[in-house]
Asker: 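Have a look at this one before I ask anything.
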Amino acid sequence: MEESQIREISCEQSVLSKPDGSSDFSQGDSSVMVGVYGPADVKQNKEILDRATIEVIFKPKIGLPGVREKAMEKMISNTCQAIILTTMHPRSSITIVVQVVQDAGSLLSCCINAVCLALMDAGISMKCMVAAVSCAISEDGEVILDPTLKVAQVASSVMHFAFESKEKDVILSSTQGMCSPDQYLSCLASCQEASDKIFTFYRTSAERRFSKT
Amino acid sequence: MSGLELLSDQGFRLDGRRPRELRKIECKMGVFQQANGSAYIEQGNTKALATVYGPHEVTGNRSKIEHDKVLINCQYSMATFSTGERRSRSTGDRKSQEMQLHLKKTFEAAILTQLYPRSQIDIYVQILQADGGNYSACVNAATLAIIDAGIPMKDFVCASTAGFVSDTPIADISYLEESQGGPELVVALLPKSDQIVEFQVNSRLHLDNFEKVLDMAIKGCKDVHAVLTRVVKDHVGQLASKMSKT
Amino acid sequence: MISCSWYPTKLLLLNDDIKIRVSSSCNKYSFCHFSKFKKENIRPDGRELGEFRATLLNVGTINTAHGSALVKLGNTTILCGVKGEFAAPPVNEPKKGYLVPNVELPPLCSSQFKVGPPSEQAQVVSQLIDDIVRSSNLINLESLNIAEGVVLSGGESVYFFCVGTGVAPGFACCWGATKLPERGPKALSKLSWVLHCDMICLDYDGNIVDASLIALLAALKNVLLPAVRIDEDTGRAVTSQEGSIPLKLSCQPVATSFVVFDDTILLADPTKEEEGLATGAVTVVVNEEGDICSVHKPGKEGALYLPRKFMTASGDVSRDLRKLDSWLRKHWRVVKDDVPTGAYDLD
């Protein structure tokens with residue numbers, strides 16, 4: 001596997017029977033399962049009068065959810081708010097449950113991609129699709145896309161980006177470690193290019209799924 | 001720690017005060033913009049701040065709405081770095097809840113509650129540094145904050161503590177003096193009418209000495225009242241002069 | 001959410017420290033109100049689009065904490081207190097200590113926060129500060145290591161007594177005790193410091209992240225940990241105030257938060273109202289050399305105009321960052337000059 005490519009992606013939709021939409025997404029060895037319920041009833045204290053309320057629950061593989069998981073939930077929730085047409089479902093709730101099955105690097109990207117597919121499966125109206133790509137800058141300044149856990153631990157910086165499908169604008173950017181502004185912009189550019197692969201994957205998997213019937 | 005003498009032969013306490021002297025009080029009103037009323041007080045090394053929100057619609061438990069008076073909601077919180085040993089929980093433990101209840105009862109007696117039926121007033125108090133007299137600092141700060149918020153009260157509520165060491169009543173005890181295990185009297189007073197709103201005694205105090213210690217505490221409250229009145233007058237004077245500039 | 005709440009409106013003069021303030025609770029009204037200001041390229045509080053609010057810093061006010069700092073970024077007030085405790089170092093890295101940041105948004109800072117467990121926003125900001133501290137290697141965790149080979153018999157308390165002077169007439173004593181972890185009989189264990197950095201927001205008027213980071217840095221620079229010596233006879237750790245050393249920070253990250261309106265306008269240092277009305281937000285953390293420690297853009301409606309406008313706006317961003325950086329350098333020089341307490345006006 002070349003270092004400048006993202007890992008093998010595979011996905012299965014409608015794997016769970018109870019949620020309105022679900023997906024089981026793997027990116028290399030990282031694997032995440034997402035269930036989406038919605039639009040459904042919302043508690044009165046959480047309801048918003050003119051749009052849907054988006055709730056995200058992030059469950060780590062082991063242990064109880066803590067502060068780190070809360071931060072992940074907020075990021076996924078904000079990303080969804082940017083792409084879902086929430087004004088189509090006022091005073092309703094869209095609940096997204098993310099369960100980590102295996103974490104082998106680039107977990108946040110894996111989750112966001114899985115969430116996008118699950119939302120598609122649930123038939124929730126969205127403005128556009130979202131694709132997330134992670135990358136790491138190794139100690140000698142090399143840009144490595146979709147880093148594994150081992151690579152991420154020794155890297156000088158790890159970044160996650162999420163792009164929307166229309167004009168590849170950045171919806172989410174989160175970085176760890178230090179880098180120079182030029183390195184940041186070059187990583188951004190490489191991740192944008194790599195997101196094409198994910199958007200193509202969405203399209204082909206949808207075509208394959210709906211051409212059967 | 002038992003080697004420390006709380007009252008020396010010359011009549012000086014550990015921090016150089018005389019028995020009747022209060023610690024230095026510095027306070028400021030209207031320190032925060034978000035709250036309707038706020039105040040900050042320093043009594044010696046004890047630093048407390050209070051913010052008041054309201055009167056506003058009752059949030060939270062709607063079953064607590066009172067049809068004829070305002071609901072007073074207090075929260076007492078100590079910063080984790082406020083004491084010598086770090087506190088793991090800033091609020092929610094027994095001591096905080098007890099303090100909250102005392103504060104609530106104190107201010108229910110002082111605020112004209114019948115003016116705002118079906119409404120709620122929130123009083124939040126935060127201790128930034130604790131060196132004895134936490135409750136009194138809270139009450140004094142909250143009084144100023146309520147005045148800053150423009151909520152009518154019957155009178156100022158001034159609180160002070162008193163202790164008893166070597167047959168001498170001492171006013172405004174600090175943390176070291178408290179922790180020695182001697183009696184501690186906490187009094188919250190409405191100064192003009194000399195009415196006691198809150199009264200608490202810890203440890204043993206003989207009835208013979210009781211009057212003396214209580215008088216000392218009441219005198220402490222009246223001294224605090226003099227300070228608070230001056231602060232309020234200064235603050236109002238400043239506001240008035242600024243408004244008159246237009 | 002439209003709720004009818006009435007606040008007494010404080011109408012005060014436009015003066016050095018007091019501005020006209022009218023509170024409104026309806027979002028739609030505020031948005032139109034805002035748009036009028038946008039047309040004139042000025043913000044409701046009179047600032048330009050890229051201008052930061054006046055900042056005040058007060059260091060070393062809390063004597064019970066090992067280090068403290070109070071920051072006022074406009075009206076946003078954050079107090080940071082740092083307290084050191086003993087702890088066993090992490091199992092996989094026995095030569096390191098801990099730095100634990102925690103941001104508290106109590107109900108006293110704003111009516112939007114309720115009594116109860118930490119709100120989501122508090123947790124998210126705490127996590128962000130923790131990530132920034134890790135990313136920037138703010139402090140060399142190995143410098144927090146005390147010793148190896150301290151004899152513990154489990155559940156013991158280590159008392160340290162230090163006397164500080166100069167605060168009040170006479171002396172102000174602070175003493176502390178900390179419980180060491182259960183280890184089993186006569187286990188030889190390592191000891192290191194854990195620095196608990198608690199940032200309490202006292203007044204919430206937007207831009208918590210920037211203010212918290214400034215408060216954290218100032219408080220850490222103010223920290224004086226007592227010197228620890230292992231008593232040979234008992235094998236216990238004994239602290240004393242003499243020989244206390246200040247902490248050494250390896251870099252000084254500065255956070256700059258922006259909000260986006262309608263994908264076209266970038267406002268620096270947003271107030272609470274601006275944050276509520278914005279369509280997007282981004283925080284950039286830069287250290288003195290200009291290296292990026294963190295770019296945090298947590299989604300939100302409307303894709304941010306990175307990278308297209310970032311290229312053009314990078315001029316603005318880096319200009320602001322350089323302004324902030326030089327501001328902070330001036331300020332750090334002041335703090336470094338051994339002035340233990342004081343209030344500084346920074347503009």
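Reminder, nothing fancy here: chain letters follow the sequence lines and each chain counts from 1. Keep in mind the model is a prediction, meaning the values are calculated, not measured.
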Asker: Contact between Gln34(B) and Thr77(C) at the side-chain level, heavy atoms closer than 4.5 Å - yes or no?
Answerer: no
Asker: Of the non-hydrogen atoms in Arg86(B) and Lys83(C), which two are nearest, and what is the gap between them?
Answerer: N-CE, 3.7 Å
Asker: Could you pull out all residues at least two apart from Tyr204(C) that satisfy ring pair (Phe, Tyr, Trp, His ring centres under 6.0 Å)?
Answerer: Phe113(C)
Asker: Do Thr64(C) side-chain atoms and Phe81(B) backbone N/O form a donor-acceptor pair below 3.5 Å?
Answerer: yes
Asker: Indicate the atoms forming the closest heavy-atom contact of Asn63(C) with Lys47(B), along with that distance.
Answerer: ND2-NZ, 4.2 Å
Asker: Could you report the tightest heavy-atom contact between Ile62(C) and Gln129(B), atom names first, then the distance?
Answerer: CA-OE1, 3.3 Å
Asker: Compare all side-chain heavy atoms of Leu108(C) with those of Gln75(B) and state whether any distance is below 4.5 angstrom.
Answerer: no
Asker: Between Gln33(B) and Asp203(C), is the side chain to side chain contact (heavy atoms under 4.5 Å, CB included) condition met? List the steps.
Answerer: CA-CA 7 Å; Gln33(B) 308 308 318; Asp203(C) 200 353; 4.0 Å; yes
Asker: Taking atom NZ of Lys114(C) as the centre, does the number of heavy atoms from other residues, nucleotides or ligands within less than 6.0 Å exceed 12?
Answerer: yes
Asker: Among Ile123(B), Asn73(B), Thr80(B), single out the residue with the greatest number of heavy-atom pairs under 4.5 Å to chain C.
Answerer: Thr80(B)
Asker: With a 4.5 angstrom heavy-atom cut-off, is it the side chain or the backbone of Ile200(C) that approaches chain B, or both, or neither?
Answerer: side chain
Asker: Is it the backbone or the side chain of Val31(B) that comes under 4.5 Å from a heavy atom of chain C, or both, or neither?
Answerer: backbone
Asker: Got a sec, which residues hit salt bridge (Lys or Arg N to Asp or Glu O under 4.0 Å) with Glu120(C), two or more places apart in sequence or on another chain?
Answerer: Lys74(A)
Asker: Under a 4.5 Å heavy-atom cut-off, does chain C meet the side chain of Leu49(B), its backbone, both or neither?
Answerer: side chain
Asker: Does a sphere of radius 6.0 Å around NZ in Lys154(B) hold more than 12 heavy atoms from other residues, nucleotides or ligands, not counting ones at 6.0 Å or beyond?
Answerer: yes
